[in-house]
There are 2 protein chains.
Amino acid sequence: MSNPAQRTAATDQAYHAIRSDILSGTLKEGERITEQRMAENLGLSRTPVREAISKLIHEGFVERGTGYTTRVAHFEDEELEQMFQIRKLLESYGAARAAEFATDEQVEHLKELSAEMSAHTPPKSQSDYKIISAANEKFHRTIMEAARSPRLSALISMAVNVGMVARMYHLYSDEDLIRSAAHHHEITDAIAARSPEWAASVMSSHLLAAASMAARAGQRKVPAAF
Amino acid sequence: MSNPAQRTAATDQAYHAIRSDILSGTLKEGERITEQRMAENLGLSRTPVREAISKLIHEGFVERGTGYTTRVAHFEDEELEQMFQIRKLLESYGAARAAEFATDEQVEHLKELSAEMSAHTPPKSQSDYKIISAANEKFHRTIMEAARSPRLSALISMAVNVGMVARMYHLYSDEDLIRSAAHHHEITDAIAARSPEWAASVMSSHLLAAASMAARAGQRKVPAAF
DNA sequence: CTATAGTATTTTGCATACAAAAATCAAACG
DNA sequence: CGTTTGATTTTTGTATGCAAAATACTATAG
């Protein structure tokens, strides 16, 4: 259009913008989205928007129907339950390996992330939710890196529908979040103590608790999160 | 080049071609790949190749280094072990769910497949191997379908496909294959008996045995689990 | 001969163009 | 009034062009 030398990664910009719109509810569940409209709104061309959408599809924020219909993903409660079960299997294993292979720097990083989450728990504002959510994501990713198994990481990233997780976060009660924070601390300690079984066990509890919350949340209606 | 608007999914074509080249070894581990060269080889433009590569990166077949270096992901020897551990986790869970959700028709089908495999075990000819292999594949797929979890199915098929092409015939001794056939029968019985724990337990044994064979076979080839 | 600086060549990221598939709309028909 | 069919407009998939970043190459200095 008129912006030739844009050196700020357009794909990232599109990705975050759309993702944010989905999480904020600006784009509602089931709403149809098109590359062109998104591109126009952002003042970008279709190419980076297209790539961003591909990524969002892979992560489960967006889904393609038959033909040219692309819409904000809506997910079944059953799927959410399944996802947590699978995560439990894979991430427990990952945590055990992390206890074995994590570097001191990674352990330190986990401590920082745990502390950050605790500092904002229970959350008092929307921004607290965002901070917790982001730190949580990074926490789990750091553990998987520490597990030193690219294949495992790839599988988990396929298994985990980030969109589902992010959108259900606001369904956690304060008690849930406090316990979650405690779990993070305990997982960190288990890894620091180099105890694979302990780490796996706590991770398992952590995700079973999450699965239970997911099931419980199925009763209520979701008013589109933060 | 001179190809007017090909309507046969170019992205899929590129994806499968590159993936296949990686699995077959045509593209070696650590080898650098560029969009342009891939596109030229396939007679496509960069765009679909680019998308295919993005997908492959996300799935862990390809990795980006710093800058413009994109190369075939390095496949550690140790990852073989990981692969079986992961498969053990996922397929045991799948077997448990199958015990819960399989239809009578599916149970019947599993019985037929087990019987067919037994009838050709130990194999006396190359065609016996092929029959066993085909029945084995169908057996596992049927269990997966019976598990009623598309996400799980997708993950397992990924885990199995990664680096595990069908050139594993000679790694199994007759004793191995006899035991494998016994496992299949027992898994079928466990599912027929609607016992998730039994099914999961036998499946676990089944894959641990396969892992052990893989370790015994050395660092070179990767067997599929019969 | 090695190291380094400067240049030339790749390689990617983004924008744009165009054709085919799909969706939308409208008119004809029951 | 509802349904179907045909034309019109979106919308996507793919190709292509271009500029900037990164790599490879070359020549020069030490």
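Keep in mind that the numbers below use all heavy atoms, side chains included, and drop hydrogens, waters and symmetry copies. In what follows, chains carry the letters A, B, and so on, assigned in the order in which the sequence lines appear, proteins first and then strands, with residues in each chain numbered from 1.
Residues meeting the side-chain hydrogen bond (donor to acceptor under 3.5 Å, both in side chains) test with A:R64, sequence neighbours left out: A:T70. Listed by chain and residue number, nothing satisfies the ring pair (Phe, Tyr, Trp, His ring centres under 6.0 Å) test with A:H16 (two or more places apart in sequence, or in another chain). Evaluation of the side-chain contact (heavy atoms from CB on, under 4.5 Å) rule for A:R50 yields A:E35, A:R46, B:E51 as partners, not counting sequence neighbours. A search for side-chain contact (heavy atoms from CB on, under 4.5 Å) contacts involving B:K88 returns B:Q85, B:S92, B:S204, B:L207, B:L208, not counting sequence neighbours. Legend: residues meeting side-chain hydrogen bond (donor to acceptor under 3.5 Å, both in side chains) with A:T26, ordered by chain and number and at least two apart, are A:S24.
Sequence neighbours left out, the pairs with a member in residues 134-161 of chain A that pass ring pair (Phe, Tyr, Trp, His ring centres under 6.0 Å) are A:F139-A:H184, A:H140-A:H184, A:H140-A:H206. Pairs passing the salt bridge (charged side-chain N to carboxylate O under 4.0 Å, His left out) check and including a residue from residues 100-112 of chain A, sequence neighbours excluded, read A:D104-A:R194.
DNA chain C lies under 4.0 Å from at least one heavy atom of each of the following residues of residues 46-53 of chain B: B:R46, B:R50.
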Check the interface with nucleotides 6-11 of chain D: list each N/O to N/O pair with the protein under 3.5 Å, or write none.
residue: D:dT11; atom: OP1; partner: A:R37; partner atom: NH2; Å: 3.4

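Spacing between atom CG of A:L42 and atom P of C:dC14 amounts to 13 Å, rounded to whole angstrom units. Separating the OH atom of A:Y15 from the P atom of C:dC14 is a distance of 15 Å, rounded to the nearest angstrom. D:dA22 atom P lies 13 Å from atom CZ of B:R64, rounded to whole Å.
For the 3.5 Å distance criterion, the side chains of B:Q82 and A:S149 qualify, holding a donor opposite an acceptor.
Using a 4.0 Å cut-off, some side-chain N or O of B:T11 falls inside it from OP1 or OP2 of D:dT14.
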